[in-house]
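Report on one structure; see the data block that follows.
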Amino acid sequence: MDTKEFYSSVLMNGIKDMVYVMEFTNGQFVYKFINQKVKELAGFDDSIIGRTLDDILPEDKAIFLLDQYMTAIHSKDEIIYEDDYPSKHGEIRYGENTLSPIYDEHNKCTHIVAVVKDITERKVTERAAEKSKEMLIEGKERYQSLFDYNLDAVITLDNNGLLITGNHALEEMSGFTIHELTGTSYIRLILPRQLKKAKKYYDKALNGVPEEFRLSIKHKNRNRVEIIAKFSPIVVREEIVGVYVICKDITEQIKFKDKFNQSENIFEIITEHSRDLITMLNSEGEYIYASPSYQEVLGINGEEFIGKKFYHNIYPDDIEHLKKTFYLSKEKGEPWKEQFRQKHHTDGYIWSELHGSPVYDENNKFKQMVVVSRDISTRKNYESKLESFAYHDELTGLPNRRYFIENLEKALQDKRKSNNRFAVIMIDLDKLKPINDTYGHDVGDEFLREFATRVSRVIREGDKFARLGGDEFAIFIPNIDVMQNVTVVASRIMEALEKPWNIHDQSISISASVGVAISNFKTESAHYLLKTADQALYEVKDMGGNNYKLKYI
């Protein structure tokens with residue numbers, strides 16, 4: 001083998017990255033050489049030699065590469081950028097591209113050498129890491145919300161008893177700001193004669209034993225505050241690093257108790273001043289007492305509940321579960337704790353949380369159920385908003401990729417028990433990038449919102465429509481009676497795009513590529529359905545877009 005053949009063999013087979021040599025002539029870039037890796041990964045063959053970028057690639061990809069090549073020529077230096085490319089199997093892969101211009105003796109660029117390193121695995125890993133980061137942030141925000149909005153004071157102490165963090169309720173309870181307390185010992189808040197007790201339970205927590213006990217602390221204004229304190233160990237990597245303290249202010253309850261000692265009627269005093277609903281039920285689950293707070297919380301006089309079943313005012317879907325857990329608590333003597341919806345006089349159904357305690361006589365026979373419940377509508381609304389943020393696209397309001405995949409997988413599990421076929425439609429807008437480049441991203445965003453609205457109007461009730469990201473959308477059709485159902489939906493989408501677009505007084509034309517995967521009766525996974533629909537979509541794109549294609553599994 002001569003030297004020329006040797007170097008040709010090395011270039012063709014020895015380099016593990018994809019190598020393209022492009023000749024620059026008459027303003028055009030012509031394929032002059034591709035190595036074996038190009039043929040293996042990108043699926044090209046020697047038939048592209050002698051042809052231009054415009055001959056081989058879709059218009060948008062050719063325009064993008066032309067811009068990169070010209071940048072390399074003008075800079076007279078190599079440039080590096082990342083890009084995606086379809087493999088010979090139709091899947092999308094990612095490459096790191098290095099463009100090196102070659103000049104002749106007249107300083108005129110004659111060729112561009114493009115070396116493409118496949119970085120698909122790295123990209124997949126990065127995206128998985130980003131998703132994990134997002135989930136971690138979401139979990140941290142949920143924890144922070146529980147901490148910040150807790151009605152009880154919450155304190156974090158290190159293993160020397162110094163305060164690390166506290167919430168707003170601690171400021172209200174103590175009169176000190178968190179800034180004033182941070183870095184100081186918890187002993188600062190304890191009344192002198194209570195120090196021994198507090199230290200005892202703090203030491204227990206550091207030894208892994210959580211305890212709840214009565215304690216007196218001092219307010220900044222020197223008033224005494226009665227609390228129930230729970231000291232719990234903070235464990236990180238199996239090591240106790242501090243103590244977590246939750247303090248419930250019972251000062252008012254103690255005042256009520258003092259008043260009881262004077263009037264011998266504490267129950268009446270508490271119920272008359274409590275904003276919680278205090279209820280007593282007999283063994284049949286009938287009201288025998290309803291506190292005056294029923295009027296304030298539900299807009300209904302508590303006397304109207306006497307003699308009725310406890311579930312007469314409950315949302316129908318919650319009744320059976322509440323009945324079951326009531327009788328279970330009554331039989332086993334365990335606390336009764338549930339969340340449910342009950343009817344307000346004017347505001348429909350409101351979310352409530354109850355804590356019930358079964359009471360027995362000296363013969364261990366059930367006597368009554370004492371129930372304390374409160375309105376938690378604000379908390380439920382906040383949790384609902386958090387869930388909505390996690391499962392919906394902020395720009396269009398559509399379900400996002402996470403919601404779509406989870407529901408698709410659930411639907412697939414359910415459908416395997418039936419003989420119904422179903423389909424996934426993938427939609428990718430053709431040439432959205434030029435719209436963003438020409439009119440700006442505000443117009444592009446408005447366009448995506450309008451596109452989401454148009455498609456939502458033409459799909460069938462029960463079809464699931466989601467934005468997966470960027471200009472990529474998907475539809476799950478859960479029940480196909482006849483194949484025409486699918487083609488009708490795809491055709492309606494194409495027709496919706498043909499209607500005039502007027503965004504911010506700009507008249508815009510656009511089309512879409514649509515890929516459809518139609519299942520057999522035993523489709524294995526959501527991933528396989530999406531992959532098949534994506535392959536159909538890119539076949540449409542390769543043919544110029546503005547059409548749809550069906551693939552049967």
Side-chain angles (χ1 to χ4, degrees), residues 8 11-12 15-39 41-88 92-120 122-123 428-444 447 470-471 506 508-511 513 538 541-546:
S8 176
L11 191 59
M12 174 62 75
I15 298 178
K16 301 305 180 183
D17 297 330
M18 294 181 282
V19 178
Y20 298 81
V21 178
M22 309 296 294
E23 183 179 35
F24 183 50
T25 177
N26 298 324
Q28 298 270 0
F29 289 94
V30 179
Y31 290 91
K32 295 299 290 182
F33 172 83
I34 58 174
N35 70 347
Q36 187 61 32
K37 277 296 177 182
V38 173
K39 298 176 182 180
L41 297 179
F44 291 135
D45 56 34
D46 289 336
S47 64
I48 71 172
I49 303 301
R51 301 175 70 184
T52 67
L53 288 174
D54 293 334
D55 294 336
I56 301 303
L57 301 176
E59 182 180 355
D60 56 344
K61 180 64 76 172
I63 291 173
F64 173 75
L65 289 181
L66 179 62
D67 182 59
Q68 299 298 326
Y69 286 5
M70 294 305 297
T71 299
I73 290 174
H74 293 319
S75 69
K76 294 187 177 181
D77 196 1
E78 70 176 24
I79 66 168
I80 300 174
Y81 64 94
E82 293 182 2
D83 190 17
D84 59 66
Y85 67 93
S87 74
K88 65 180 181 180
I92 297 299
R93 300 189 67 83
Y94 299 90
E96 181 181 84
N97 300 259
T98 302
L99 303 184
S100 302
I102 298 175
Y103 296 85
D104 61 16
E105 65 275 9
H106 303 295
N107 203 28
K108 178 181 177 182
C109 181
T110 60
H111 295 82
I112 292 283
V113 177
V115 179
V116 183
K117 178 183 180 66
D118 188 271
I119 59 171
T120 304
R122 190 187 84 192
K123 280 290 185 182
D428 192 82
L429 297 175
D430 299 329
K431 304 176 185 177
L432 180 63
K433 184 178 183 298
I435 290 177
N436 285 327
D437 293 343
T438 303
Y439 301 105
H441 286 278
D442 287 344
V443 172
F447 183 89
D471 59 351
Q506 303 288 339
I508 300 173
S509 297
I510 198 166
S511 59
S513 298
Y538 274 92
K541 277 193 170 293
D542 288 342
M543 293 185 293
N546 194 25

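Along the sequence shown, residues are numbered consecutively beginning with 1.
Tyr85 and Gly95 get closest at one heavy-atom pair: CE2-N, 4.1 Å. Closest non-hydrogen pair, Pro101 versus Ala72, comes out as CG-O, 3.6 Å. Nearest heavy atom pair, residue Asn546 against residue Ser513, reads N-OG, 3.9 Å. In terms of heavy atoms, Asn436 sits closest to Gly444 at OD1-CA, 3.2 Å.
A distance of 11.0 Å separates NZ in Lys16 from CG in Leu41, rounded to the nearest 0.5 Å. Remark: Gln28 CD to Asp55 CG distance equals 8.0 Å, nearest 0.5 Å. Residue Ile34 holds its CD1 atom at 8.5 Å from CD of Gln36, rounded to the nearest 0.5 Å. Rounded to the nearest 0.5 angstrom, Leu66 CG and Asp54 CG are separated by 7.5 Å. We find the CD-NZ distance between Glu82 and Lys123 to be 4.0 Å, quoted to the nearest 0.5 Å. Distance check: Asn35 CG to Phe44 CZ gives 12.5 Å after rounding to the nearest 0.5 Å.
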**Asked** Checking side chain to side chain contact (heavy atoms under 4.5 Å, CB included) for the pair Phe24/Ile112: CA distance, chi angles, key distance, verdict?
**Response** CA-CA 7 Å; Phe24 183 50; Ile112 292 283; 5.6 Å; no
- Task: Decide side chain to side chain contact (heavy atoms under 4.5 Å, CB included) for Lys433 and Asp471; before the verdict, give the C-alpha distance in whole Å, the side-chain angles of both, and the deciding distance to 0.1 Å.
- Result: CA-CA 9 Å; Lys433 184 178 183 298; Asp471 59 351; over 6 Å; no
### Task
Using the side-chain hydrogen bond (donor to acceptor under 3.5 Å, both in side chains) rule, take Ser47 and Asp45 through it: C-alpha gap first, then chi angles, then the decisive distance, then the call.
CA-CA 5 Å; Ser47 64; Asp45 56 34; 2.3 Å; yes
Assess the residue pair Leu429 and Phe447 against the criterion (side chain to side chain contact (heavy atoms under 4.5 Å, CB included)); give the C-alpha distance rounded to whole Å, side-chain angles, the decisive distance to 0.1 Å, and a yes or no. CA-CA 11 Å; Leu429 297 175; Phe447 183 89; 3.8 Å; yes
(request) For Asp104 and Thr110, run side-chain hydrogen bond (donor to acceptor under 3.5 Å, both in side chains): C-alpha distance rounded to whole Å, both residues' side-chain angles, the deciding distance at 0.1 Å, then the answer. (result) CA-CA 7 Å; Asp104 61 16; Thr110 60; 5.9 Å; no
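Between Asp428 and Lys541 a salt bridge is recorded (basic side-chain N to carboxylate O distance below 4.0 Å). Electrostatic pairing of Asp83 and Lys61 counts as a salt bridge here, judged by a charged N lying under 4.0 Å from a carboxylate O. Taking a cutoff of 4.0 Å between a charged side-chain nitrogen and a carboxylate oxygen, Lys37 and Asp17 do not qualify as a salt bridge.
Distance alone, capped at 3.5 Å, is enough to place a donor-acceptor pair between the Tyr103 side chain and the Ile73 backbone.
Classified by interplanar angle (parallel below 30°, tilted 30° to 60°, perpendicular above 60°), the ring pair Tyr81/Phe64 is perpendicular.
Between the side chains of Ser75 and Asp77, not a single donor N or O lies within less than 3.5 Å of an accepting N or O. Side-chain contact check for Thr120 and Asp118: at least one donor-acceptor pair (N or O, by modelled atom type) lies under 3.5 Å.
In this structure the side chain of Tyr31 reaches within 4.5 angstrom of the side chain of Leu53, judged on heavy atoms.
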